[in-house]
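Shown next, in structure tokens, is the structure this report addresses.
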Amino acid sequence: MTKFINDADRVAAETVEGFLAVHGAEFVAVPGTYGVAKRVPGDKVAVVSGGGSGHEPVWLEYIGTGFADAVCQGDVFAAPPPNAIVATARAVERGHGVLFVYGNYAGDALNFDMAAEELQAAGIPVRTVRITDDLAAAPAERADERRGIAGGFFTSRIAGSAAEAGLDLEAVYAVAARANAATRSIGVASAGGTIPGGHEPTFTLPDGQMEIGLGMHGEPGVRRGPMLTADEAADQMMAYLVDDHPVDAGERVCVLVNGLGATTRAELYIIARRVRHNLDARGLHVHDFHLGNYATSQEMHGFSISVLHLDAQLQRYYDMPARASFFIGGQAAPAEVVRA
Amino acid sequence: MTKFINDADRVAAETVEGFLAVHGAEFVAVPGTYGVAKRVPGDKVAVVSGGGSGHEPVWLEYIGTGFADAVCQGDVFAAPPPNAIVATARAVERGHGVLFVYGNYAGDALNFDMAAEELQAAGIPVRTVRITDDLAAAPAERADERRGIAGGFFTSRIAGSAAEAGLDLEAVYAVAARANAATRSIGVASAGGTIPGGHEPTFTLPDGQMEIGLGMHGEPGVRRGPMLTADEAADQMMAYLVDDHPVDAGERVCVLVNGLGATTRAELYIIARRVRHNLDARGLHVHDFHLGNYATSQEMHGFSISVLHLDAQLQRYYDMPARASFFIGGQAAPAEVVRA
Amino acid sequence: MRVMTVEDVRRMLLAVAERIVASQNLLCAADRAIGDGDHGLGMRRGFTAAAERLEGDGFDDAFVPFRSVGDCLISTMGGASGVLFGVLFRGDVEAESSHTLSLDELTRHFERSLAEVCRRGRAQTGDKTLVDALEPAVRSLRQSADSGEVGLASALRAAASAARSGAEATKGYVARFGKARTLGERALGFVDPGALSTAIVFEAMADWAEDHDGQGRRRDPATSSTDA
Amino acid sequence: MRVMTVEDVRRMLLAVAERIVASQNLLCAADRAIGDGDHGLGMRRGFTAAAERLEGDGFDDAFVPFRSVGDCLISTMGGASGVLFGVLFRGDVEAESSHTLSLDELTRHFERSLAEVCRRGRAQTGDKTLVDALEPAVRSLRQSADSGEVGLASALRAAASAARSGAEATKGYVARFGKARTLGERALGFVDPGALSTAIVFEAMADWAEDHDGQGRRRDPATSSTDA
Ligand SMILES: Nc1ncnc2c1ncn2[C@@H]1O[C@H](COP(=O)(O)OP(=O)(O)O)[C@@H](O)[C@H]1O
Ligand SMILES: Nc1ncnc2c1ncn2[C@@H]1O[C@H](COP(=O)(O)OP(=O)(O)O)[C@@H](O)[C@H]1O
Ligand SMILES: [Mg+2]
Ligand SMILES: [Mg+2]
Ligand SMILES: [Mg+2]
Ligand SMILES: [Mg+2]
């Protein structure tokens, strides 16, 4: 046990309290829940996200300008209950309806759906976009069964901006769904993390082995084998990404090289270097390049690569100002300045 | 071996290459070194930082608006050689002299001093501020022997802004030295990381033990013992900080709760919650509150707390715009919104 | 026992809650094998809250303790199983009302539960979910009720056996829902945690009913499915 | 051997480089005990580059191979030991020039090195640094040179013994410089990695000189301090 916590049963609650101890000037607790809401939500469609805690900054910190208006955490790796979601949505709903954005997991869907029923019964329109970017979770024919992982960053950001642009609920829903459909991710891990208070890692892998396609809760992936070099791993993952969503030269993409928890920034940069080579070699235009811990699974050692295929409509919202507590505006190097 | 790298001997080089693959629009390599420089440094005192790699975002990413103009990395945990430092400084020096800002380690001092001699011999004035924020490294009487850890963030940021404000070398030096003198940090760790390619952790601790005051390379601390709760650890560390630099109610401070690599953001928020309680209980005014991995030691499990004691002069520069690839402007909650 | 009073229902559900709380480690271990290892934690949280609610103010309708437990699970557990076990106990929002509970009423209640679990979770028998335990249990209750000759305790015992067999059978299935879905054939040989919980729920009800049934045999404590 | 030619110096330093590269693991292990574990890595990097430089173009001054090695270490190693071992080999920027190297010249060279190491590192004898090995080695060279009767090989052998004893003695010191400083008494019992390297450097020079000294005994390979 190496974690700095007080009580395993209080981790989800104290994480939210800590968030408010730092960011309380902008956000406020939703009483009786692990939810937080903007102090001053806009007069617009309310974007509400949430899911199990333990993936910070997902979902707790996916709130702010160009992000959600309120987020509701559950216990570690457990979806929040419907009544908490309802209270969180009500804290920011301003008569224009609610867009739910969350990861496509059974637990989240069950709880958010029940919350949606309750809100709708009270006359509040609700639309839902479930993040399904993890291409390793199901074949392309059943893409709607895929899990949501780090690529949800792109959808969250675009949904937030579309709502801020003043679109109505149907339009915000359509843009967010389009962003989700245009995003692909794949992860890899070489060692699991532990749940606070737990002693056994969420998944175990013999030393020197890695697993591609692994999920954010340690769900098994598509390919387990000996550790590859960073370049080999990045190449294989890029091949999966491009296979699943073919690209043409000149296309515009946004990229996220995401750390799962214990991966060093040096490793992420070494991966990013190779990802960049791959994108350049395919003649893609890198509109934005993100690197960092945007979606974690405790102190799992590994990373994911996410690609958003931009079109003119998505770009309009993507380029709007955005700011969250974990988020730094990305920036891409023009292709010519990047050395091989 | 769980690290995603290509070749242990190429980690430092490829980390810099990856940084430029992502941020090459703003920064450029210093040929023949692991240094990077602003493409367009200002017509002002040049601020140059550096040190061993392996602590990312320190020092590689301490460059940008309100930060250094150029940074020079060494190999993993090894200071860069003098000629690399000279080349890095020359890339951004514009006739107003150079301020070196780096951590107070023997290796860094030896190499930067030799670089300073060479620059001075060429007629370029050089001043040096060595970061000495780690109060656990030496008693207050020998504060100049202390090591530099995460609190260097504050000094770097203020030095960068002071230079951008157009102060001359002596004045930038004086402000940066004052920022360093006004900063205290202390760290704690419960498990060590490994150097890329290495198999043995930089330090080992029996499971269930932690060490307060531990350095960023695993240098031993002041107090080893069984794991404390997050609140207990935060309280003890706050006591060390306040002992070493007493505070009066109403004083203005900036705080950084820094993760050392594998610590989850949830843990950092749980710590931040308690730090905030401590600060509020002492009647301090929290001017800014940072949380995240601002200075790491591979995937070490632990955190540090840094406090900057602001005065009017420091605040002037602290409040100037600042932006780096790892950095998000901090924000403090007004005391009244923070619940106990 | 031909009918249960409100108080009987309350006590029976308290026994269920106690049994589930005591099974925490067993359920976590099952979930670790093919899920994310938290099933026992959620169930403990939910049933601890449910037990408190049951200890609380009196109930005047035999369906209300079920609904209270269900609402409690839904609002405190989170996760997939919060909603699913919630509706398993709650039945449907359009529920019946009665001062006592006959086997037929109990059966209708769980039929509504099953429909609601399937509607929400979209799982069918053979998908390796709690439906694989719930569906045979409900079918067994229906048969007992239709026969007109079986007492509540015996009917619950038969339902519990059916639930247990159904749970055991999940070892032979690959999962189509929940976190085990992506495991494919690697899930074979492992019991579904939610199905296991469901079997424990029915066993605890059967045990309680037998213990409080004049004609019933005293249950053998060794068959208790806790891991305490 | 009373003087070394430029070529002798070049070959001797090549032997030193080879020995240090082969000692990588030994030096890393020593640094792991009381430092950050990288001393052998830096030394290997520096001396690999130095060996390449020495293999390269001819030298026409006996001090130049020393200076080339020193510059090479300074510009390729980084870390504390890059500068310190750099100046140890380089001596001082205001150096002598000579076609051959006498014991007296060699001694003066290392005296300048010692002064420069101490000026830059600010360590003194007893601070648990490479000074603890270098200082007795230089003192020994001075005594041999002053006696006027000792050949280069024997003088280097005596200096190597002095360096080795000095390195051993660091086990009894707490550190006042470098990464071991904060260890306090916990550094007791461990040899300082830089002092160990210094002893290896002098031993490699002594070995080479003896091997190439008409009067010298053939060295016993078993005393080689590598860990290959
Ligand atoms: N769609 C579904 N339909 C029916 N049961 C389901 C469904 N999804 C999950 N379950 C049940 O929930 C159980 C897992 O519960 P739990 O571990 O508490 O939730 P989570 O999957 O959120 O961690 C599974 O074993 C399965 O029985
Ligand atoms: N100020 C100093 N003066 C003399 N020698 C020093 C000093 N600081 C460090 N050293 C030497 O350097 C050695 C450590 O070298 P090395 O591990 O390569 O560098 P680093 O400490 O940067 O990791 C120490 O064992 C010590 O002998
Ligand atoms: Mg779960
Ligand atoms: Mg080092
Ligand atoms: Mg589970
Ligand atoms: Mg070292």
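Note that the coordinates shown come from a computational prediction; the quantities given were computed from them, not determined experimentally. In what follows, chains carry the letters A, B, and so on, assigned in the order in which the sequence lines appear, proteins first and then strands, with residues in each chain numbered from 1.
Heavy-atom distances place the side chain of D/Leu84, and not its backbone, under 4.5 Å from chain B. B/Asn111 touches chain D through backbone and side chain together, each having a heavy atom under 4.5 Å away. For D/Arg120, the parts lying under 4.5 angstrom from a heavy atom of chain B are both the backbone and the side chain. Both the backbone and the side chain of B/Ala137 come within contact range of chain D, judged by heavy atoms closer than 4.5 Å. Looking at B/Glu117, only its side chain comes within 4.5 Å of chain D, counting heavy atoms on both sides. Contact annotation for B/Phe77: both backbone and side-chain heavy atoms come within less than 4.5 Å of a heavy atom of chain D. Proximity to chain D (any heavy atom under 4.5 Å) is restricted, for B/Asp9, to the side chain, taken from C-beta onward. For chain D, the nearby part of B/Val76 is the backbone; its heavy atoms alone come within less than 4.5 Å.
Remark: B/Arg223 CZ is loosely packed, at most 12 non-hydrogen atoms of other residues, nucleotides or ligands lying under 6.0 Å away. Under a cut-off of 6.0 angstrom, the local environment of CZ in D/Arg142 is crowded, with over 12 non-hydrogen atoms contributed by other residues, nucleotides or ligands. The environment of CG in D/Asp60 is sparse: at most 12 heavy-atom neighbours from other residues, nucleotides or ligands sit within 6.0 Å. The environment of D/Arg108 atom CZ is dense: over 12 non-hydrogen atoms of other residues, nucleotides or ligands sit within 6.0 angstrom.
Heavy-atom pairs under 4.5 Å with chain B peak, among D/Gly78, D/Gly86, D/Gly121, at D/Gly78. Each of B/Pro80, B/Pro81, B/Gly74 has some count of heavy-atom pairs under 4.5 Å with chain D, and the biggest count is that of B/Pro81.
In this structure, B/Ala78 and D/Arg45 approach most closely via the heavy-atom pair CB-NH2, 4.4 Å. Shortest non-hydrogen contact noted between D/Ile74 and B/Pro82 is O-CD, 3.3 Å.
A 4.5 Å side-chain heavy-atom check between B/His217 and D/Asp38 finds every atom pair outside the cut-off.
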